[in-house]
Amino acid sequence: MEHPTPRLSRERLVETLATMLDAAMPACAHVAYRLVGTAAALLHGIDLPAADVDILVKRREDVDAFAAALSSFPCHTAPILLVEGRQYFARFEVAGVAVEFSTVEIDSNADTVEASGRGPWERYVMLPCRAHRVPVVALELRLVTELVRQRPDRYTPIIAALRARGCDLAFVRRALDVAGLSPDVRAEVLAQIEGPPEA
């Protein structure tokens, strides 16, 4: 069965997250999680083409805890180990939107990657979502992900937001270097971030 793939507005994302968290809390209050992916940028207020909600957790039992708390919602994928993807994964439908919970089981101590290593756990912000506050991965990490994936429809609005709002430029420089992006790409991205805000 295919799961729903609507284009999310920020309002619908907030509705989905709030509905999920209303059901999951307080049972999952002990679980460390991060909102990642395009939905993270959307909650930051950047209009990106997001279709689902990706929740990163540290341990397989954390996926199980969310799955148990959301047992009243349609389950499209019960918790399962995806060996090739090195993930423990589950997918539910909440308010008509696919919400996915996953570990990323890659042995890394890097702090420059959005969904593995130290990055998502050290570089995040708490954003309001109705009665909840959601830990959302930092835009600097989202930028690197989209540049590596070569998706200009995603990274261009993130660059504009970082230019307008300010960012940790030293970290961005280091993350772009670690990601192995070409010198030309790195120079262009940094020039855009450091340039004057658009009128």
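Residue numbers count from 1 along this sequence.
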Gap separating the [atom1] atom of [X] from the [atom2] atom of [Y], nearest 0.5 angstrom:
X      : Y      : atom1 : atom2 : answer
Asp107 : Ser116 : CG    : OG    : 10.0 Å
Glu122 : Leu141 : CD    : CG    : 10.0 Å
Arg142 : Arg154 : CZ    : CZ    : 8.5 Å
Ile158 : Leu139 : CD1   : CG    : 6.0 Å
Glu93  : His76  : CD    : NE2   : 4.0 Å
Leu56  : Glu100 : CG    : CD    : 12.5 Å

Problem set entry | Other residues, nucleotides, ligands: >12 heavy atoms within 6.0 Å of Gln150 CD | no
Exercise. Does Asp153 CG have over 12 foreign heavy atoms under 6.0 Å away?
Worked result: yes
Problem set entry | Donor-acceptor contact below 3.5 Å, side chain Arg186 vs main chain Leu176 | no
Exercise. Charged N to carboxylate O below 4.0 Å: is that the case for Arg173 and Glu194?
Worked result: yes
With a 4.5 Å heavy-atom cut-off, do [X] and [Y] have their side chains touching?
X      : Y      : answer
Glu146 : Thr38  : yes
Val134 : Met126 : no
Val113 : Val144 : no
Leu190 : Leu169 : yes
Arg123 : Asp168 : yes
Phe171 : Arg174 : yes
Ile193 : Cys167 : yes

For this session: Starting from the C-alpha separation in whole Å, work towards a yes-or-no answer on side-chain hydrogen bond (donor to acceptor under 3.5 Å, both in side chains) for Gln87 and Ser102.
Result: CA-CA 6 Å; Gln87 295 175 282; Ser102 178; 2.9 Å; yes
For this session: For side-chain hydrogen bond (donor to acceptor under 3.5 Å, both in side chains), just list the numbers for Asp64 and Tyr88, CA-CA rounded to whole Å, side-chain angles, deciding distance to a tenth of an Å, and then say yes or no.
Result: CA-CA 9 Å; Asp64 292 337; Tyr88 189 68; 2.8 Å; yes
Exercise. Parallel under 30°, tilted from 30 to 60°, perpendicular over 60°: which one fits the rings of Phe101 and Phe66?
Worked result: parallel
For this session: Test His132 against Asp22 for side-chain hydrogen bond (donor to acceptor under 3.5 Å, both in side chains), laying out the working first.
Result: CA-CA 8 Å; His132 306 277; Asp22 286 346; 2.7 Å; yes
Exercise. Is it true that Val14 and Met25 fall in one hydrophobic cluster, defined by side-chain heavy atoms closer than 4.5 Å?
Worked result: yes
For this session: Verify the cluster assignment for Leu143 and Val137: are they in a single hydrophobic cluster under the rule of side-chain heavy atoms below 4.5 Å apart?
Result: no
Exercise. Can the ring centres of Phe92 and Phe73 be said to be less than 6.0 Å apart?
Worked result: no
For this session: Show your reasoning for whether side chain to side chain contact (heavy atoms under 4.5 Å, CB included) applies to Thr103 and Asp62.
Result: CA-CA 9 Å; Thr103 61; Asp62 298 333; over 6 Å; no
Smallest separation among heavy atoms of [X] and [Y], with atom names:
X      : Y     : answer
Asp54  : Gly37 : OD2-CA, 4.3 Å
Ala23  : Leu70 : CB-CD2, 3.8 Å
Arg12  : Ala95 : NH2-O, 3.4 Å
Arg133 : Tyr33 : O-OH, 4.1 Å

For this session: Show your reasoning for whether side chain to side chain contact (heavy atoms under 4.5 Å, CB included) applies to Val104 and Arg86.
Result: CA-CA 6 Å; Val104 174; Arg86 291 186 282 185; over 6 Å; no
Exercise. Would Glu105 and Leu81 satisfy side chain to side chain contact (heavy atoms under 4.5 Å, CB included), going step by step from the backbone distance to the final call?
Worked result: CA-CA 10 Å; Glu105 301 180 6; Leu81 180 61; 4.3 Å; yes
For this session: Given side chain to side chain contact (heavy atoms under 4.5 Å, CB included), test His44 with Val125 step by step and report yes or no.
Result: CA-CA 9 Å; His44 274 284; Val125 296; 3.4 Å; yes
